[in-house]
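Just so it is clear, the structure is predicted and the values come from calculations on it, not from any experiment.
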Amino acid sequence: MSLFGGSKSNESFGAVVDIGSGSVLVSVVHSDPSKKFPQIVWSHREQAPLRNIESIEQSAKAVMTALVNASMLLDGEGRKALQAYRAGAELNKLQFSISAPWAYTITKTINYSQEEDFLVTEELIDELYKAIEDKISNELKQDKTLQDLGLEVIAKMTMDLSSNGYHVSHPEGNKTQTLTISQSNSVAHKYLVDAIEELKDKLFPKTNPKSISFILMLYTITKEFLRQSNDVCLVDITYEATEIGVVREGVLTYCTHTPFGSFSIAREISDITGVPLHESFGYLHLEKPYDFIANLNKQQKADVELVFEAYTERVSNLFKETGDSLSIPKKISLHTDLNTETLFTDLIHKAATRNLKTQPTVTPISKEIIDQYQKAQTTDTENEIATDTALFVSAQFFHNNAKHPTIEYF
């Protein structure tokens, strides 16, 4: 199946913003659903110069600064590029995706059953949804750390609606003995939600912004367009975080993260070896990412190996948090920078092996996403094809948003 499917509707021009753990990606996207793929008119990734990963407050301020800087470029260079692309076009839609640790995704399932058949009514379904929302609200209140962050719900998505074990879209008016509803809620830090609203008011006052967690967006896109199992573990590695999403029977059942990513590893390597941060970060992008270790002295080698071991153990501990009594699925879909797939495929495989009795299968998906996009692109395009898969995922989600009626935004 092509990564970029479409349907007929009015075209739109969107300002698409991805707030990562250590960077902010802004882009201008043209969506004409009668075509197979969206056109990325312009994009820019603003990196946050994070120095102290122990301080969530400092990290948050750096990302907020990156958001402001990126937004200014979007307002200036982005609008200019749009006019060059289509004179008179206006940015009429605004989409935000937010990565961990700034957003969390919580899925709850509720089962309602009786010994005899009962009639499914709209009132009953509303009551079950209300019960799910109460469960999520109580969970946030009971976790003092999350409560102190002042989290707000930004989107919710119906994952599954089943009657007697069969997936249904509209069970109202039918009889059943068991009704099951699964719903995922994306929640984000309140100060970030406020910043998004302020950005909208200043730069895009006519738009109604839609915000969602990146892991929920990634789940949606990979489920729609990649040939992956209904039981899979999604792993998303960003600059300063690694997030996992456990998918069972096609439902994103549990998400968690550790505030440690590719920049975090590079920073520690830089501290050990004394090389500049950009150089140590470059090591992670090599075809043979461990080769640089051979040029280090004995103590440096041992310390760098400990860095990789510590990261592996961090992720291994994440894999123990599945939200149920089961192990993580043995099939793992890995999303990371294209040129770091070699390194992180190895590290994630090692981490998963510590939690499974069988060998895991780690599938890097960045290259597959890029390959499908390149195949979809016309051969005579004058635009350079980027290799930022977060950009493609965000643009494709924007392009297909009308196909996601089960997502409600706040």
Side-chain angles (χ1 to χ4, degrees), residues 18-27 43-54 58-59 62-63 65-66 69-70 73 99-100 214 235-243 258-315 334-351 362-371 374 384-393:
D18 173 43
I19 302 174
S21 60
S23 68
V24 174
L25 171 68
V26 289
S27 60
S43 67
H44 170 79
R45 184 178 287 278
E46 183 80 8
Q47 295 180 355
L50 305 184
R51 297 302 178 195
N52 181 6
I53 60 172
E54 299 300 325
Q58 182 179 359
S59 298
V63 169
T65 299
N69 294 339
L73 288 172
S99 298
F214 184 84
V235 178
D236 179 41
I237 300 174
T238 54
Y239 287 154
E240 303 289 357
T242 299
E243 185 170 21
T258 180
F260 212 84
S262 56
F263 263 17
S264 314
I265 293 174
R267 186 182 295 107
E268 295 210 357
I269 293 175
S270 176
D271 289 341
I272 292 168
T273 62
V275 303
L277 179 57
H278 71 273
E279 185 175 336
S280 63
F281 188 58
Y283 294 156
L284 310 185
H285 292 73
L286 297 175
E287 186 176 349
K288 297 180 178 180
Y290 300 118
D291 277 5
F292 76 95
I293 298 178
N295 298 319
L296 304 178
N297 63 45
K298 184 177 180 180
Q299 185 60 54
Q300 288 175 330
K301 287 180 181 178
D303 290 344
V304 168
E305 288 171 354
L306 282 175
V307 170
F308 288 121
E309 167 57 26
Y311 176 78
T312 302
E313 187 61 22
R314 274 177 177 262
V315 178
L334 169 65
H335 177 251
T336 183
D337 288 346
L338 177 64
N339 293 325
T340 62
E341 283 190 335
T342 300
L343 171 67
F344 284 109
T345 297
D346 179 61
L347 294 176
I348 297 303
H349 187 277
K350 289 177 180 176
V362 182
T363 303
I365 62 176
S366 295
K367 186 177 186 303
E368 183 172 355
I369 291 173
I370 292 170
D371 286 348
Q374 289 174 331
E384 180 181 354
I385 297 177
T387 58
D388 193 328
T389 52
L391 173 61
F392 294 151
V393 170

Under the rule for salt bridge (Lys or Arg N to Asp or Glu O under 4.0 Å), what residues qualify as partners of D346, not counting sequence neighbours? K350
With sequence neighbours excluded, residues passing salt bridge (Lys or Arg N to Asp or Glu O under 4.0 Å) with E305: none
Quick check for you: to the nearest 0.5 Å, what is the distance between [X] atom [atom1] and [Y] atom [atom2]?
X    : Y    : atom1 : atom2 : answer
D303 : I272 : CG    : CD1   : 5.0 Å
L334 : D236 : CG    : CG    : 9.0 Å
T238 : D337 : OG1   : CG    : 9.0 Å
L284 : T336 : CG    : OG1   : 9.5 Å
L25  : F214 : CG    : CZ    : 9.5 Å
L391 : D18  : CG    : CG    : 9.0 Å

Counting distance only, does the side-chain N/O of [X] pair as donor-acceptor with the main-chain N or O of [Y] below 3.5 Å?
X    : Y    : answer
T242 : F260 : yes
S99  : G20  : no
S43  : S27  : no
T345 : T342 : no

Indicate the atoms forming the closest heavy-atom contact of [X] with [Y], along with that distance.
X    : Y    : answer
S280 : A266 : OG-O, 2.8 Å
G22  : E240 : CA-CG, 4.1 Å
S21  : A241 : OG-N, 3.4 Å

Sole candidate of L338, L343, N339 that passes side-chain contact (heavy atoms from CB on, under 4.5 Å) when paired with H285: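 Only one option passes, and that is N339.
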Do [X] and [Y] have side chains that approach each other closer than 4.5 Å (heavy atoms only, starting at C-beta)?
X    : Y    : answer
V275 : Y283 : yes
L296 : V304 : yes
S366 : H335 : yes

Assign the ring pair F308 / Y290 to parallel, tilted or perpendicular, where the plane angle (0 to 90°) is split at 30° and 60°. perpendicular
Specify whether Y239 and F263 have parallel, tilted or perpendicular ring planes, treating 30° as the upper limit for parallel and 60° as the lower limit for perpendicular.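 Parallel: the ring planes of Y239 and F263 meet at under 30°.
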Please step through side chain to side chain contact (heavy atoms under 4.5 Å, CB included) for the pair F344 and S262, ending with a clear verdict. CA-CA 9 Å; F344 284 109; S262 56; 3.9 Å; yes
For K301, look at atom NZ and say whether over 12 heavy atoms of other residues, nucleotides or ligands are found less than 6.0 Å away. yes
Are a donor atom and an acceptor atom from the side chains of S23 and Q47 found within less than 3.5 Å of each other? no
